[in-house]
Number of protein chains: 2
Amino acid sequence: MINKEEFRKKIIISSGQIFRRFGFRKTTMDEIARALKIGKSSIYYYFASKEEIFEEVVLYEANVLRNELTTAIKSVESPVDKMRNYVFVRMKAFEKLANYYNAIFDKNLDHFDFIETVREKYDREELAILRLILYDGARKKVFNVSNSEYTALAIQTTLKGLEVPLFWKKKELNIEERLNAILDVLFYGIVK
Amino acid sequence: MINKEEFRKKIIISSGQIFRRFGFRKTTMDEIARALKIGKSSIYYYFASKEEIFEEVVLYEANVLRNELTTAIKSVESPVDKMRNYVFVRMKAFEKLANYYNAIFDKNLDHFDFIETVREKYDREELAILRLILYDGARKKVFNVSNSEYTALAIQTTLKGLEVPLFWKKKELNIEERLNAILDVLFYGIVK
DNA sequence: GAATTATCGACCAATTCATTCGATATTTTT
DNA sequence: AAAAATATCGAATGAATTGGTCGATAATTC
């Protein structure tokens with residue numbers, strides 16, 4: 001009916017929801033199998049281990065976010081709108097990310113470096129995107145930035161600042177109400 | 001510093017958060033102890049078993065909801081406002097209840113009857129409250145109900161209808177957006 | 001009908017977990 | 001300050017859970 005690769009993806013998506021909800025340790029292979037209505041041993045035909053599934057879930061989820069952000073940027077023309085959209089979507093994504101942080105920090109620390117690598121890569125990409133938007137905006141004289149590199153770093157840091165509560169309380173953030181305030185602060189002094 | 005009964009309550013509140021988040025099975029005594037910064041064995045000085053803690057958590061949480069609802073009713077005068085407040089608070093409470101349903105259904109089915117008893121009691125009380133408000137409103141001629149008993153049952157059934165999704169998907173309901181619609185439907189044909 | 005692909009039940013070793021228990025602090029009472 | 005009562009904990013345990021293996025056997029493809 002469907003090929004192996006597709007079924008792997010099916011497992012990734014399904015188990016992703018469980019990992020997100022319960023974290024790595026508290027998610028059992030039995031649960032993953034039950035959710036897919038297959039035998040537990042069948043999973044090992046597609047994946048070598050629980051860890052492998054989890055790592056692919058993280059990778060997959062990172063890609064989903066990447067795509068959402070790319071779409072958000074492409075859907076508008078002006079650099080100002082691009083930046084606004086990016087920040088908006090990225091902030092909305094935190095609510096989902098919150099659950100992944102639980103899953104990740106719950107994990108045995110042995111393979112923590114894998115997550116770190118994924119995150120570092122994501123951060124580098126983000127920085128490049130921000131830099132590009134800012135640079136373009138400066139060129140078109142809608143942004144008032146002298147050094148796109150530094151401003152990109154500043155914006156990213158603000159964005160990261162929103163994540164900090166996730167490390168402390170395992171609750172969703174109330175992004176909605178802060179959204180406009182933060183957007184204003186971010187753009188104050190940048191937009192001409 | 002504080003007496004035994006107070007410390008029991010502390011345990012109930014603290015472990016309640018964990019139960020709510022992970023369910024009965026996935027909550028460990030170690031976690032409960034760690035959250036309270038005490039040794040695992042110390043818990044058994046206050047409670048006989050994990051089950052006992054859980055049951056008291058359910059009881060406690062039911063009381064919290066009870067109080068919230070009572071306050072919501074007492075804070076206003078007219079029967080119409082009372083009814084509106086009750087329905088509103090009860091609906092808002094679902095978001096919290098959603099987590100408890102997870103905790104409860106996750107539990108071994110052996111002691112399911114305990115939960116059922118608690119719920120039945122709660123339902124009876126709710127019915128009495130609704131009936132009282134309706135009866136009072138009818139007497140004051142602000143409600144157009146001929147049989148408070150039946151109307152109370154109808155309203156409770158609608159309220160319960162909102163819970164059904166909790167049995168299927170383990171997600172919070174988006175109460176907010178349905179709120180006004182449902183309030184309108186509920187009161188349509190009742191308020192004079 | 002042989003070869004390949006996919007699924008599964010039964011099993012295992014390792015770990016996790018709730019609970020027990022004796023020892024020892026800490027506080028209260030006498 | 002001794003005795004009694006209250007409170008805390010580390011270590012141990014037996015039972016249950018869990019990630020993973022393996023051989024058998026379907027189901028599908030060639």
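Naming convention: chains lettered A, B, ... in sequence-line order (proteins, then strands); numbering from 1 in each chain. These numbers were taken from a predicted model, which means no experiment stands behind them.
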Atom [atom1] of [X] and atom [atom2] of [N]: how far apart are they, to the nearest Å?
{"X": "I43(B)", "N": "dT20(C)", "atom1": "CD1", "atom2": "P", "result": "13 Å"}
{"X": "D30(A)", "N": "dA16(D)", "atom1": "CG", "atom2": "P", "result": "16 Å"}
{"X": "F47(B)", "N": "dA18(C)", "atom1": "CZ", "atom2": "C1'", "result": "16 Å"}
{"X": "I38(B)", "N": "dG10(D)", "atom1": "CD1", "atom2": "P", "result": "11 Å"}
{"X": "N3(A)", "N": "dA6(C)", "atom1": "CG", "atom2": "C1'", "result": "13 Å"}
{"X": "K26(B)", "N": "dA18(C)", "atom1": "NZ", "atom2": "C1'", "result": "17 Å"}
{"X": "R34(B)", "N": "dT16(C)", "atom1": "CZ", "atom2": "C1'", "result": "13 Å"}
{"X": "K37(A)", "N": "dT7(C)", "atom1": "NZ", "atom2": "C1'", "result": "17 Å"}

Phosphate OP1/OP2 of dA7(D): any S42(B) side-chain N/O under 4.0 Å: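 For S42(B), the contact criterion (side-chain N or O under 4.0 Å from OP1 or OP2 of dA7(D)) is not met.
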
Give a yes/no on whether any side-chain N or O of Y44(B) is located under 4.0 angstrom from OP1 or OP2 of dA7(D).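 No, because none of the side-chain N or O atoms of Y44(B) sits under 4.0 Å from OP1 or OP2 of dA7(D).
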
Answer yes or no: is there a donor N or O on one side and an acceptor on the other, between the side chain of R8(B) and the main chain of Y46(B), under 3.5 Å?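 Flag set: sc R8(B) to bb Y46(B) pair under 3.5 Å.
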
With no hydrogens and no angle check, is any side-chain donor or acceptor of T157(A) less than 3.5 Å from a backbone partner on L153(A)?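 Indeed, once roles are kept as given, a pair shorter than 3.5 Å links the two residues.
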
Between [options], which nucleotide gets closest to the side-chain atoms of [X]?
{"X": "Y45(B)", "options": "dT19(C), dT6(D), dC22(D)", "result": "dT6(D)"}
{"X": "M29(A)", "options": "dT7(C), dG19(D), dA7(D)", "result": "dG19(D)"}
{"X": "K4(B)", "options": "dT8(D), dA7(D), dC21(C)", "result": "dA7(D)"}

Applying a 4.0 Å non-hydrogen cut-off, can you work out what F7(B) is touching in the nucleic acid: base, sugar-phosphate, or nothing?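 Here F7(B) touches no strand at all.
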
When we call it a touch if two heavy atoms are under 4.0 Å apart, what does T28(A) touch: a base, just sugar-phosphate, or nothing?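 Counting heavy atoms under 4.0 Å across all strands, the contact made by T28(A) is with sugar-phosphate only.
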
Looking at the rings of F22(A) and F22(B), which for Trp means the six-membered one, are their centres under 6.0 Å apart?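 Not close enough - the centres of the two rings lie 6.0 Å or further apart.
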
Taking the nucleotide of DNA chain C with the nearest heavy atom to each, does G39(A) or K50(B) sit closer to the 5' end?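 The residue closer to the strand's 5' end, by nearest nucleotide, is G39(A).
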
How about Y135(B) and E149(B): does a side-chain donor come under 3.5 Å of a side-chain acceptor?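 There is no such pair (donor and acceptor under 3.5 Å, judged by atom type) between the side chains of Y135(B) and E149(B).
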
Would you call I32(B) and S14(B) a side-chain contact if the rule is heavy atoms closer than 4.5 Å?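 No, side chains not in contact.
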
Suppose we call a contact any N or O donor and acceptor under 3.5 Å apart; does that hold for the side chain of K40(A) and the base of dG19(D)?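 Flag set: donor-acceptor pair detected.
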
